[in-house]
Amino acid sequence: MARLIRVEEIARHVGEEVIIQGWVYNRTDKGKLQFLLVRDGSGFVQCVAFRKELPEAIFEQLAHIPQESSVRVTGIVRADKRAPGIPGGYEIGVTGFEVIQAAQGDYPVALKEHGVDFLLDHRHLWIRTPRQWAILRIRATVIRAIRDWLDGHGYVNVDTPILTPAACEGTTTLFETPYFDDEVAYLTQSGQLYNEANIFAFGKVYCFGPTFRAEKSKTRRHLTEFWMVEPEIAFCDLDQLMEIEEQFVSAIVQRVLEERADELRYLGRDTAALERITPPFPRISYDEALEMLAAIRAETDDPRLKQLLAIEWGQDFGSPHETELTKRFDKPLFVYGYPTEAKAFYMEPWPGRPEVCKSVDLLAPEGYGEIIGGSERISDPDLLLERIREENLPEEAFAWYIDLRRYGSVPHSGFGLGIERTVAWICGIEHVRQAIPYPRTIKRLYP
RNA sequence: UCCUCGGUAGCUCAAUUCGGCAGAGCGGCCGGCUGUUAACCGGUUGGUUGCAGGUUCAAGUCCUGCCCGAGGAGCCA
């Protein structure tokens, strides 16, 4: 009696008669021989049907089944090196075929080249194709690795609000939404301030969810809605923070290598580059980074690059700076000790150098840019108040935040890791919009 | 907000420096083929050239304005 199986476990069923439920991804018509590539959500498998081996009516139905129809296929599993699919190398010799629904009308997403705009308009269908499917499977594994690592290291998941009364950081643009009785709420751009409250109850915490930035950024690294995991740790200084970050990021990458090898292979990812991602990661200071950039500028003959890399002490790095710096390393790169003026108000000053703060960014290799921003936070209430006043932030809104430093303040640190940039880097894809199921960009709210 | 590139069939694109019958491939449909890998071969289907004006005997092509998209800068994860 044939058993229902999932394609991802097909290797365990060689020689058995099985049932696959799924959708017709592609069909190759060879006349008396039909190849169906069927996907069932867990993988893609080739089903081979010969005219002489099936009742005529069934074979005719199979030979005309439209792309993306839902079907139930019965057949014998066999190993065959020629068989395409994910995992591939196995195929099903069809003994039975049942149509659940024949797809109606032409399917828009052909197995051919399409433009970006067309694909994004059809994102609800595009995610069925193997490349997008593989990326989103890896995203799910990244998220699971994140939660498993944090849960396994004593962190408590404490969720923070998405509707907030004010900016966490005054600098970036917020999405505004009407709230009851003529009030206004903002979509969160970080759970950090709430995380800081939560560590005084739980020690080590993280929040994980969507965050929103109304920046008019149009690049391959930006979305207006993106997911971020933000751990925050009590009794933790900047050095300890970097150790946590490199352990954390390495664990995520290694987990994907273990569990999503088929998907990485399908994407054509150079896995050797990922296998190198183990602690420790190189660490350079902002000052050292500036020296490196000056050296790179001196070496290059490209006037455009010279122009792009121009930077003065006090400025934050742009994308070109990050790319050039990370080119010199084959692991993620820590850059710490940014100028205070370039960073948020809550960052602890460097001892003896108030113009520098105890911040650290983690830059991904291969030009994927900043995947983590973090810092040690100010723990002294008076200093925090002073910084809030310097930045002209509304003091009343931060009353609760200053409270945290009054009742048992401790050195503490935290960071935020951007999920889509991390997934894009691990997958080796060109744009973060493919690393989230339904990307939201400045020009796109559909589907 | 700025810079660069683009918008022609359902999709991807072509249409000759210098205006002259709007085309091909793919997809769909019909037929052929027992090992295809985005199959291949033959036939067939398919157009408000982003929008609005203007110049001209004639505009996809030239001019003006607008709309939309992409990549990048700035900002950021």
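Note that the coordinates shown come from a computational prediction; the quantities given were computed from them, not determined experimentally. Reckoned from all heavy atoms, side chains included, excluding hydrogens, waters and symmetry mates. In the text below, chain A, chain B and the rest are named by the order of the sequence lines, each starting its count at 1.
- Rounding to whole angstrom units, CG of residue A:L125 and C1' of B:rG27 are separated by 15 Å.
- The partner of B:rA73, taking Watson-Crick or G-U wobble pairs whose two distances both stay under 3.5 Å, is B:rU1.
- Listed nucleotides B:rG74, B:rG35, B:rC30 differ in distance to A:R78; the shortest reach to its side chain belongs to B:rG35.
- For A:K30, the side-chain atoms get nearest to B:rG35 when compared with the rest of B:rG35, B:rC75, B:rC11.
- Put simply, CZ on A:R297 and CG on A:L308 are 10.0 Å apart, with the number rounded to the nearest 0.5 Å.
- Remark: the A:D151 side chain and the A:Y206 side chain contain an N/O donor-acceptor pair separated by less than 3.5 Å.
- Using P as the reference atom, B:rC5 and B:rU45 are 40 Å apart when rounded to the nearest Å.
- B:rC11 and B:rG25 make up a base pair, with Watson-Crick or G-U wobble contacts both under 3.5 Å.
- Counting distance only, with no hydrogens placed and no angle test, the side-chain atoms of A:Q46 and the base atoms of B:rU36 include a donor-acceptor pair under 3.5 Å.
- Rounded to the nearest 0.5 angstrom, A:T211 OG1 and A:L223 CG are separated by 9.5 Å.
- Within residues 130-151 of chain A, no residue approaches RNA chain B, by heavy-atom distance under 4.0 Å.
- A:R51 contributes no side-chain N or O that forms a donor-acceptor pair with the base of B:rC33 under 3.5 Å.
- Side-chain contact between A:F415 and A:L241 is present, with heavy atoms from C-beta onward closer than 4.5 Å.
- Counted by atom type alone, A:Q132 and A:R123 present one or more donor-acceptor pairs between their side chains at under 3.5 Å.
- Across all strands shown, B:rG32 is found opposite B:rC40 as a Watson-Crick or G-U wobble partner, with both distances under 3.5 Å.
- Closest to the A:D117 side chain, of the nucleotides B:rG69, B:rG35, B:rA73, is B:rG69.
- Judged by distance alone, with hydrogens and angles left aside, A:D29 brings a side-chain donor or acceptor within reach of the base of B:rC33, the pair sitting under 3.5 Å.
- Contact of A:K443 with B:rA70 (side chain to base): no donor-acceptor pair of N or O atoms is detected under 3.5 Å.
- The base of B:rC11 has none of its N or O atoms less than 3.5 Å from a complementary donor or acceptor on the side chain of A:H114.
- Across every strand in view, B:rG46 sits unpaired, with no contact that passes the Watson-Crick or G-U test at under 3.5 angstrom.
- Nearest-nucleotide assignment on RNA chain B puts the 5′-proximal partner with A:E430, out of A:I419 and A:E430.
- Centre separation under 5.5 Å together with a plane angle under 30° does not hold for the ring of A:F35 and the six-membered base ring of B:rG35, so they are not marked as stacked.
- For A:K32, counting side-chain heavy atoms from C-beta on, the closest listed nucleotide (B:rG35, B:rA38, B:rC33) is B:rC33.
- Checked by distance alone, A:S217 brings a side-chain donor or acceptor within 3.5 Å of a matching partner on the base of B:rC75.
- Across B:rG74, B:rG27, B:rG35, the shortest atom-to-atom separation from the side chain of A:A110 is found for B:rG27.
- In this structure, A:E370 reaches the sugar-phosphate backbone alone: every heavy-atom distance under 4.0 Å involves primed, P, OP1 or OP2 atoms, never a base.
- Of the candidates B:rC30, B:rU34, B:rA38, B:rA38 carries the atom nearest the A:K112 side chain, counting heavy atoms from C-beta on.
- The aromatic rings of A:H122 and A:F118 lie tilted to each other, with the angle between the two planes from 30° to 60°.
- Nucleic acid contact for A:I372: sugar-phosphate only, since backbone atoms but no base atoms lie under 4.0 Å from a heavy atom of the residue.
- Using Watson-Crick or G-U wobble geometry with both donor-acceptor distances under 3.5 Å, B:rG6 finds its partner in B:rC68.
- The side chain of A:R221 lies closest to B:rC75, out of B:rG71, B:rC75, B:rA77.
- Taking CE of A:M228 as the start and CD1 of A:I419 as the end, the distance is 9.5 Å to the nearest 0.5 Å.
- Side-chain N/O atoms of A:R260 and A:T141 include a donor and acceptor closer than 3.5 Å.
- Using N1 to N3 plus N6-O4 or O6-N4 for Watson-Crick, or N1-O2 and O6-N3 for G-U wobble, each under 3.5 Å, B:rC57 pairs with B:rG20.
- Contact detail for A:I277 and A:D330: the closest heavy-atom pair is CD1-O, 4.1 Å.
- Judged by closest nucleotide on RNA chain B, A:G115 is the one of A:E91 and A:G115 placed further toward the 5' end.
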